[in-house]
Amino acid sequence: MAEEEETFEIGAPSSIFNIAPVQFQTDVSNIASLSVSSDILVIGFKTGRLFRIDLNSPTVIEELELPHKKSLQELGKIEKLFQDPTGNHLIVSTTKAESFYVHKSSTQFKYINELKNVRVSAVAWNKDAVTDNQTGAILIGDKSGAVHEAFVEYIEASQKCNKKVLKDVYKAQSSIDGLAIGYDNQVNSLTVLIVSGDDIAYWNDTIRKKNVKYNDFILGEIFKTQPVEFEQYQDLGNINGSKFSSNGLDFGWITTAGTVFGRITNEKAASKKNIADLKILVNMELPESSHKFKSIILTKYHLILLRGSELLIINKLNDEVVYHQSLPVSEGERFIGLSADYTSETYWAYSNLSIYEITVDDEDRDIWRAMVENRDFEDALAVARDVETKDVVLAQRGDYLFSQGLFDQAAHAYSATSRSFESVALMFINKNQNDALLEYFLAKFSLLKEDKKFDFKMQLVMLSSWIVELFVERLNELDDILATEQLVHLEETTILKTGTEKRFQEFIIENKDVLDKKTAYEIIASHNRRSELLYYAGLINDYDFVLAYWIRYENWEEALKTLEKNNDANIAYKYSTVLLVNDPIRTVDTWLRMSELNAAKLLPAILTYNKNSKKVKTSKHQGVRFLLSYIEKTSTKDASVHDTLLYILISNESSDNEKMVLRYLEEHGSNFYYNPDFILRLCLRFKKIQSATYIYTILDCYEDALNLAIENDMIDLAIVIADKPDDDKTRKFLWLKVADKKIAAIRPSEKDLIKKEVKFLLDKCELLRVKDLLPRIPDFTSIDNLKEEICNDLENFGTIINKLSHDMNSSITINDSITEQIGKNKKKIQIIKAGTSCSQCELLLTSRKFFVFPCGHSFHSDCLIKEILRSNDYATKKKIEFLQKKFMSSKHEKGAKFVNDPEVDALLSKRCPLCSDIKIDTIDQPFDDLTGDDWDV
């Protein structure tokens with residue numbers, strides 16, 4: 001078998017379709033029927049022979065012949081071949097109403113006795129049920145108008161065939177010209193289509209048995225119900241009979257009225273619109289011919305019709321004839337029909353003498369144009385090959401939708417095109433379609449954002465701003481409608497507004513990083529959309545803006561909630577003054593709950609608040625409350641914080657006492673976390689005398705403290721101050737000042753109080769004596785008033801004198817004992833060994849004058865002087881210097897030396913410089929060698 005590249009052209013050529021004859025090495029005359037499925041080509045001859053060819057191996061031809069148990073006259077000639085979609089099963093019918101079954105793996109015909117005397121005209125296979133070895137349930141139509149259900153199973157091992165036939169499951173008025181079965185696995189729905197004469201009908205039902213394998217008679221059950229739709233086409237009388245071809249439920253049917261084609265679907269079955277939506281190609285629309293249509297097959301987008309020896313190919317979408325060719329006919333040749341392999345998408349035409357293959361190349365190349373004409377825009381997009389084509393299709397769809405008033409849908413179509421952005425926007429603006437314009441902007445924005453090839457940052461910012469503008473305008477419109485809407489539309493409008501708000505929120509959530517913050521704020525604020533403004537600001541965490549917004553509207557509660565939620569110290573500092581002044585209690589509550597606050601940065605706000613709160617009780621003063629809590633919580637040592645707190649307490653005008661100031665000062669004692677000079681000046685300025693005197697005492701300025709108390713006639717405070725110094729001299733001095741003040745305050749008429757005051761002073765301060773007070777007694781006081789105090793004082797002096805005498809006697813006794821001990825020591829003898837060295841220079845001790853001490857240390861005289869001069873014994877050093885000056889100034893015999901002077905000997909021999917306190921006093925000196933002055937010894 002070989003294929004010729006020869007073509008025969010009549011009429012308009014086509015670059016998509018081509019037809020070429022197929023050549024065989026053997027004789028193929030007397031062809032009766034032809035069928036192709038899954039690349040299995042079967043040719044039936046009138047002689048009773050069959051050729052079976054696998055087109056993947058076209059040189060191998062299997063020859064089969066009808067059984068010879070009966071003569072050809074009895075069996076009849078092969079009339080039609082019916083092959084299943086897989087190519088595994090074949091039913092052969094003869095002109096004598098005999099039927100046979102042939103399996104792909106066998107060359108033997110299996111007689112179907114159950115179909116005896118049945119002239120088979122159509123067979124419907126269910127491709128979801130067919131397997132390699134069984135047909136599943138199938139439907140068989142005959143010339144009488146009857147439909148039968150059958151099932152065939154082939155057992156390859158034994159080459160036996162099991163056949164079941166249930167006859168007459170349906171009966172039509174005319175010959176069954178076409179059958180088709182469709183099964184939807186998703187909904188378990190079965191559809192059966194029957195064409196008969198000029199009638200068409202279909203049934204649609206749900207199969208009750210799940211996962212059925214169709215090895216039972218279940219198809220016939222569907223005919224127990226009425227067809228979903230039934231239609232009878234008008235008989236025009238110019239054509240006898242009809243032809244049918246189907247690929248599943250996609251079919252073409254040649255009737256006397258014309259060619260009907262289309263598809264039966266479950267969706268349209270529910271609304272009974274399948275037959276109404278079928279298309280019909282009236283014969284009169286086609287080129288004129290004296291011949292009748294013999295056969296029809298389908299491609300994806302075209303109808304292929306055989307009329308006489310003419311081949312017509314028609315676009316199913318626009319009924320345009322795209323191919324019209326007359327095939328060559330030899331003497332005695334007659335074209336019989338067409339066959340399609342819908343599995344492998346190959347197409348064939350055949351006559352009694354020849355076979356032609358119809359090839360299809362790039363069928364959907366320009367099919368989109370017809371789809372656009374038919375408004376099948378989705379299908380057109382599916383077949384569009386390039387971006388430019390898709391752009392045209394989308395633009396055409398947009399124009400169509402716009403013309404139909406479907407503006408929202410048009411907006412989405414336009415958004416994906418290259419059509420000028422401005423022109424599209426103006427189209428919607430001119431039609432006052434702001435909602436559609438918003439949809440266009442949203443769709444365009446989404447496409448630009450998803451495009452990773454180019455940077456559309458500026459375009460996205462502009463688009464997002466316009467989108468925000470349109471959203472808030474729409475929300476304002478809906479609010480206006482709700483304000484005036486009648487109750488009947490209130491719920492609908494409310495739902496619409498809720499949906500718009502949700503879409504707006506979703507948009508800014510997804511695109512908050514694209515939006516220009518300042519522009520968005522201005523747009524939303526200009527439309528007075530408070531909730532949307534705050535939502536956007538909160539979404540981008542712009543708490544500064546939210547806080548400023550609430551402050552602008554003096555909603556302090558919301559402002560403080562925002563501040564606490566944000567917990568940003570910098571924002572707290574920024575708005576501290578306005579919040580504290582207007583809502584002090586809640587502001588301080590918020591501050592105290594915030595972490596990481598630095599009170600020093602809040603001091604300007606606190607001081608501003610204090611200007612108008614000087615008469616507020618300190619217990620209710622919020623600045624004081626915050627600072628006290630802050631100091632207690634953080635133990636801060638920041639002087640500015642402590643100074644501010646004390647300033648507020650000291651300058652406060654609401655109270656006459658200084659309890660809080662004093663309590664603070666006493667709690668901190670001498671820990672000067674505050675500036676004492678500054679606070680002291682404040683206390684003096686605001687007459688906080690007790691606090692001022694307390695600070696004076698902490699600074700050890702007792703006299704100043706006492707003077708301040710006395711100047712303000714606060715004698716009791718002065719008495720307390722006078723007792724504070726640890727130094728008796730200072731303490732006595734202060735008490736004498738108190739005495740001066742108390743005694744000076746006594747008037748002549750109160751001279752009897754002198755005795756009482758003197759007694760008080762003497763009892764309070766044990767350092768005072770009557771003699772100290774007598775000079776301060778006024779002249780109008782007589783000595784008799786103080787006689788008892790003077791006598792007591794004299795008695796005390798007598799006691800002291802006796803004690804001193806006793807101490808003196810004890811000292812004399814001790815002195816005598818020491819003198820006696822010294823005398824004994826003079827008689828002591830110290831033995832030194834030969835070769836003993838000086839403890840200072842380590843040279844031979846006896847080389848010159850030396851001293852030996854009881855401890856065992858020994859020194860040359862000059863070395864001993866040097867050792868003493870290097871020590872911290874300043875008294876001895878001064879005496880040595882004095883003796884040296886005396887020695888140098890006096891007249892000595894020629895040759896006399898300083899070290900031989902008796903006074904020097906007495907001074908040097910008092911104590912050893914290594915064992916006595918002389919050495920102990922050098923403990924704080926460095927280990928460097930200490931050198932003294934050179935002495936003339």
Side-chain angles (χ1 to χ4, degrees), residues 541 543-544 546-547 550-551 556-655 657-680 682-683 686 688 690-691 694-695 698:
N541 297 325
Y543 294 103
D544 192 354
V546 177
L547 197 57
W550 289 123
I551 288 173
W556 314 116
E557 182 178 0
E558 289 297 330
L560 289 167
K561 286 181 180 178
T562 304
L563 177 61
E564 184 172 359
K565 180 181 179 181
N566 182 32
N567 196 28
D568 188 334
N570 291 325
I571 295 180
Y573 304 146
K574 183 176 180 180
Y575 298 101
S576 56
T577 300
V578 66
L579 291 173
L580 184 62
V581 169
N582 289 282
D583 197 345
I585 295 177
R586 281 189 291 201
T587 299
V588 170
D589 289 341
T590 303
W591 287 353
L592 293 175
R593 286 192 292 267
M594 293 178 67
S595 59
E596 305 300 330
L597 273 184
N598 184 353
K601 296 184 178 181
L602 296 171
L603 296 181
I606 294 173
L607 291 173
T608 303
Y609 161 77
N610 185 61
K611 287 181 181 179
N612 299 321
S613 305
K614 289 187 175 181
K615 295 184 179 181
V616 176
K617 290 184 178 181
T618 52
S619 60
K620 295 183 178 180
H621 193 290
Q622 298 307 310
V624 172
R625 179 165 77 95
F626 173 73
L627 291 175
L628 285 173
S629 300
Y630 180 83
I631 291 170
E632 181 181 359
K633 179 180 178 182
T634 64
S635 301
T636 180
K637 297 180 181 179
D638 190 331
S640 62
V641 175
H642 292 271
D643 287 348
T644 303
L645 173 61
L646 286 171
Y647 167 73
I648 294 172
L649 294 174
I650 292 168
S651 63
N652 187 270
E653 300 174 5
S654 66
S655 177
N657 57 65
E658 306 174 40
K659 288 183 179 180
M660 291 192 70
V661 181
L662 285 172
R663 186 186 309 131
Y664 172 87
L665 294 173
E666 290 170 356
E667 285 178 357
H668 290 82
S670 59
N671 294 325
F672 291 129
Y673 299 144
Y674 54 90
N675 185 336
D677 293 337
F678 170 67
I679 301 305
L680 180 59
L682 285 176
C683 291
F686 291 99
K688 297 296 187 288
Q690 295 183 65
S691 302
Y694 185 84
I695 295 174
I698 292 175

Can Y647 and I679 be said to form a side chain to side chain contact (heavy atoms under 4.5 Å, CB included), step by step?
CA-CA 7 Å; Y647 167 73; I679 301 305; 5.7 Å; no
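- In terms of heavy-atom proximity, I695 sits nearest to P676 at CG2-O, 4.0 Å.
- Under the salt bridge (Lys or Arg N to Asp or Glu O under 4.0 Å) criterion, R625 pairs with D589, not counting sequence neighbours.
- Not a single donor-acceptor pair under 3.5 Å links the side chain of N566 to the backbone N or O of T562.
- Side-chain contact between L646 and L682 is absent, with no heavy atoms from C-beta onward closer than 4.5 Å.
- Counting heavy atoms from C-beta on, the side chains of S629 and W591 never come closer than 4.5 Å.
- The line from CD1 of I648 to CG of L607 is 6.0 Å long, rounded to the nearest 0.5 Å.
- Atom CG of L579 sits about 6.0 Å away from atom CG of L547, to the nearest 0.5 Å.
- Nearest heavy atom pair, residue Y573 against residue N598, reads OH-N, 2.8 Å.
- Annotation: salt bridge (Lys or Arg N to Asp or Glu O under 4.0 Å) contacts of E666 (sequence neighbours excluded): none.
- F678 meets the ring pair (Phe, Tyr, Trp, His ring centres under 6.0 Å) test with no other residue; sequence neighbours excluded.
- With a 4.5 Å cut-off on side-chain heavy atoms, V641 and Y673 do not count as touching.
- For A572, the side-chain contact (heavy atoms from CB on, under 4.5 Å) partners at least two apart in sequence or on another chain are L563, M594, L597.
- Taken from CG in L649 to CZ in R663, the straight-line distance is 9.5 Å, to the nearest 0.5 Å.
- With sequence neighbours left out, the side chain to side chain donor-acceptor pair (under 3.5 Å) criterion links K574 to D544.
- The closest side-chain heavy-atom distance from Y609 to T587 is not below 4.5 Å.
- Y674 pairs by the ring pair (Phe, Tyr, Trp, His ring centres under 6.0 Å) definition with F672, not counting sequence neighbours.
- Of the candidates L603, L628, I606, L645 forms a side-chain contact (heavy atoms from CB on, under 4.5 Å) with just one, namely L628.
- Residues meeting the side-chain contact (heavy atoms from CB on, under 4.5 Å) test with E557, sequence neighbours left out: N555, K561, R586.
- Contact of the N652 side chain with the M660 side chain is not registered, since no non-hydrogen atoms from C-beta on lie closer than 4.5 Å.
- Contacts classified as side-chain hydrogen bond (donor to acceptor under 3.5 Å, both in side chains) and involving residues 635-645 (residues at least two apart or in different chains) are given here: D638-S640, H642-Y664.
- For N610, the side chain to side chain donor-acceptor pair (under 3.5 Å) criterion is met by H621, not counting sequence neighbours.
- Closest approach of C683 and I650 over heavy atoms only: SG-CD1, 3.6 Å.
- Residues passing the salt bridge (Lys or Arg N to Asp or Glu O under 4.0 Å) test with K565, sequence neighbours excluded: none.
- Applying the salt bridge (Lys or Arg N to Asp or Glu O under 4.0 Å) test to R593 and every residue at least two apart in sequence or in another chain returns E564.
- In this structure the side chain of L560 never reaches within 4.5 angstrom of the side chain of W550, judged on heavy atoms.
- The side chain to side chain donor-acceptor pair (under 3.5 Å) check on S595 picks up N567, with sequence neighbours excluded.
- Note that the OG atom of S613 and the CD atom of Q622 stand 9.0 Å from one another [nearest 0.5 Å].
- The closest side-chain heavy-atom distance from Y543 to D568 is not below 4.5 Å.
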